[in-house]
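We name chains A, B, ... by the order of the sequence lines, and we start the count at 1 in each one.
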There are 2 protein chains.
Amino acid sequence: MSGDEERLARVALTWLTEPGTRAVYRLVRRLGPVAALDLLLDGGAPDEKLRAAVAARSAGGDARAVAAEAVERTERLGARIVVPDDDEWPARIEQLSDLRLPEAYRRVDVETDPPLCFWVRGCWPLAEAFDRSVAVVGARAATAYGTHVATELGYGLADRDWTVVSGGAFGIDAAAHRGALNAGGMTVAVLACGVDRPYPMGNAALFDRIADTGLLVSEWLPGAEPLRPRFLIRNRVIAAATRGTVLVEAAARSGAAQTTHRAIALGKPGMVVPGPVTSAMSVGAHELLREYPKARVVTGVAHVLEEVGPIGELAPVARGPQRPADLLDDEARSVVEAFPRRGTVAVDVLAARAGVDVRTTLRKLSMLEELALVVRREDGYRLAPPPAGRATGGRAPDRDASGAARRATD
Amino acid sequence: MSGDEERLARVALTWLTEPGTRAVYRLVRRLGPVAALDLLLDGGAPDEKLRAAVAARSAGGDARAVAAEAVERTERLGARIVVPDDDEWPARIEQLSDLRLPEAYRRVDVETDPPLCFWVRGCWPLAEAFDRSVAVVGARAATAYGTHVATELGYGLADRDWTVVSGGAFGIDAAAHRGALNAGGMTVAVLACGVDRPYPMGNAALFDRIADTGLLVSEWLPGAEPLRPRFLIRNRVIAAATRGTVLVEAAARSGAAQTTHRAIALGKPGMVVPGPVTSAMSVGAHELLREYPKARVVTGVAHVLEEVGPIGELAPVARGPQRPADLLDDEARSVVEAFPRRGTVAVDVLAARAGVDVRTTLRKLSMLEELALVVRREDGYRLAPPPAGRATGGRAPDRDASGAARRATD
């Protein structure tokens, strides 16, 4: 049995039954694709529903002939068919054969097995493209905020040699790809239709750029239409092929949120960029954070890499600027905080206000003088003026670089 | 020993040592306030640091005389001192005596015991005010977004008979109080200075409105200044007195985020309103969500009540509009999705495209006709036109109320 015959059988099976169908994947694993195809075409499908589906599809054409034509068409397009025996088959995708969703009741939640083959446009080997990759997904009707964040993420990931993976939709998908392309990086669009007719047409120029330097990938035959359920079927591939999924904006009932669930169900980081609670386009993102305790808030590429990257790529914790006052112990801090904002104060008055004994107060004052936070005068001490360049402007006193402001607020 | 003498001793102890000091609270619990005061004034504090602090403060005046003057001043103000023996003492605040913070290294993280007494302005009994209460805290330098969200939360909570508790700062604090007042509800400002000189002055009119219908509360003597560390000391009261804390906006290093930690450490809901990741005023909120797995995302009052309210106050899960197509099984959905957007299609063509056998297709079509989703024609079926009122406008096909649009996107 030649490799070409097997490849042809996989194409025929993909056409006969939607990708992901569990019973078909099992049959192929047990019998190989050629025998599995023979069995199905002979009416031997293991359940009645599948048998009916095969019969109905077969009424529209001969599966083997359709497959042969698809192989030819693929070659004419300059595209290729990738099967599990090929070196570039992305092994990670096989995780899908273990995926069982607790909330499974619709076809897309049950039939989540791996694809039988991929169509690929672009030079890059598929497995390599997916190796160090992160999915960036979200709403089509993205806001300017979401588009900005997705572009920044795409740019930042590509800039650090990560592949960006997304769909081909307007909004977040397109913004993530554009960000990666602008960084001169690699990006992969996983389509829910044939690689010869990427949808939507409005992104045609973007798809051409992606095919030039990255990849267009699909589990459907050339010419396949972007039927509605295919987007949800496709999402499992985006979740499984990558090391983690970032959701940027999502309305309620979002397909992109579904991709993020899939990633979490596969044991991968499901990351969510929060947004204004006043925005309908962030409702799905916030619901996901509420419903999935494992979902992680990320606010930028550093957080994403902390989740998916090798150990050591830790994002710095957000902090305000370091201030000299941060170095002080409690007593020194109390002394500084007991100073009047202006004028000189006697040591005993300061000690009483600070609740620190006089000797300790003197010791702390000498240290504070050393740090240039206070100045000694004949009749006591006063706060040092703020460093040059910070002395002007309407800064709130508590932002004062000396850390010595007396009044502060919540 | 009279109640007045004990009250006086609590006031004197509060002046001698900052509220929250663990050693003082323990001493009072062991000896009672009068004997504890005697011991401290006789130089018998249990540790040297406290002994030094008492001596330094005593150098500035006689503690008993200061206390007597404070009691008189409180009466002149029309305010009152509330101690644990009073009916209106909020029992929940005693939880603070069990609070141990893992990250304790600064005074405000170690000295977190309950106040010895409260100063209160306003008619409402303190315990009753705190009973059904939620803290709404956040940044002073709030954005228009944060101010809007805090006002809505304050309004929504008050409207459902919850007390809003916050500090007295500009920004989120003031917005939460205003929202509650606008709903004709109760609101409590917990101050870090004397109740006679609420800080900041710019909120004077707001403080007057709060004192009229709600409460101004402080653990410091009248005349006490809003020294910087007092805000952080005060925060433990906001966290402990309420049933949960909502953080609306916070920069990195935020005091309001500290209040939310305190709530979580006390085993209460620590809730966070997310915001744009591009906003510096949401950095602290998002960091809190990342660092404290127990912190919960909330986007509005319904989520807050779900966290703090009695069982039964569950927020509805956010959903898109219900569509007839939601009711369909997989086969009926496949049939609908196989329709061309325009024109009529023959049953056998439809069955082949849908991957459903002809008999089943006919059965589903009859149901779809019943649901007014498809229309029978002489030469087959076509999609029903969208309902009146939805037929116009540039709606994306997948938003079509019939749920029958063929092309959909990610």
Taking the side chain as C-beta and beyond, is there a heavy-atom pair between [X] and [Y] under 4.5 Å?
X: A/P274; Y: B/H286; answer: yes
X: A/R57; Y: B/R353; answer: no
X: A/H303; Y: B/E287; answer: yes
X: B/D330; Y: A/K49; answer: yes
X: A/R333; Y: B/P229; answer: no

Report task. Apply side-chain contact (heavy atoms from CB on, under 4.5 Å) to A/R107 and B/E331, showing your working. Result -> CA-CA 10 Å; A/R107 187 172 70 192; B/E331 283 166 336; over 6 Å; no

Query raised in the report: Among B/V272, B/L288, B/L289, whose side chain to side chain contact (heavy atoms under 4.5 Å, CB included) with A/V297 holds?
Result: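 It is B/L289, the one option of B/V272, B/L288, B/L289 that forms the side chain to side chain contact (heavy atoms under 4.5 Å, CB included) with A/V297.
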
Query - Note: A/E307-B/R290 ion pair, threshold 4.0 Å (strictly below) - result: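 Looking at A/E307 and B/R290, the cut-off is met.
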
Query raised in the report: Do you know which of A/P276, A/C193, A/G60 has the most heavy-atom pairs with chain B at a distance under 4.5 angstrom?
Result: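 Top option by heavy-atom pairs under 4.5 Å: A/P276.
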
**Report entry** Options A/V277, A/L232, A/V349, A/V356, ranked by heavy-atom pairs under 4.5 Å with chain B, top entry
**Finding:**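 The residue among A/V277, A/L232, A/V349, A/V356 with the greatest pair count is A/V277.
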
Report task. Please report the closest heavy-atom contact between B/A56 and A/D357, naming both atoms and the distance. Result ->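 Shortest heavy-atom separation between B/A56 and A/D357 comes out as CB-N, 3.9 Å.
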
Report task. Could you tell me which non-hydrogen atom of B/E337 sits nearest to which non-hydrogen atom of A/L227, and how far apart they are? Result ->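 Smallest heavy-atom distance, with atoms named: O-CD2, 3.9 Å.
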
Query - Segment of A/V298 engaging chain B (4.5 angstrom heavy-atom cut-off) - result: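 Interface part for A/V298: both.
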
Report task. Below 4.5 Å from any heavy atom of chain A, which atoms of B/S334 appear? Answer side chain, backbone, both or neither. Result ->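 Side chain of B/S334 only, per the 4.5 Å heavy-atom cut-off to chain A.
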
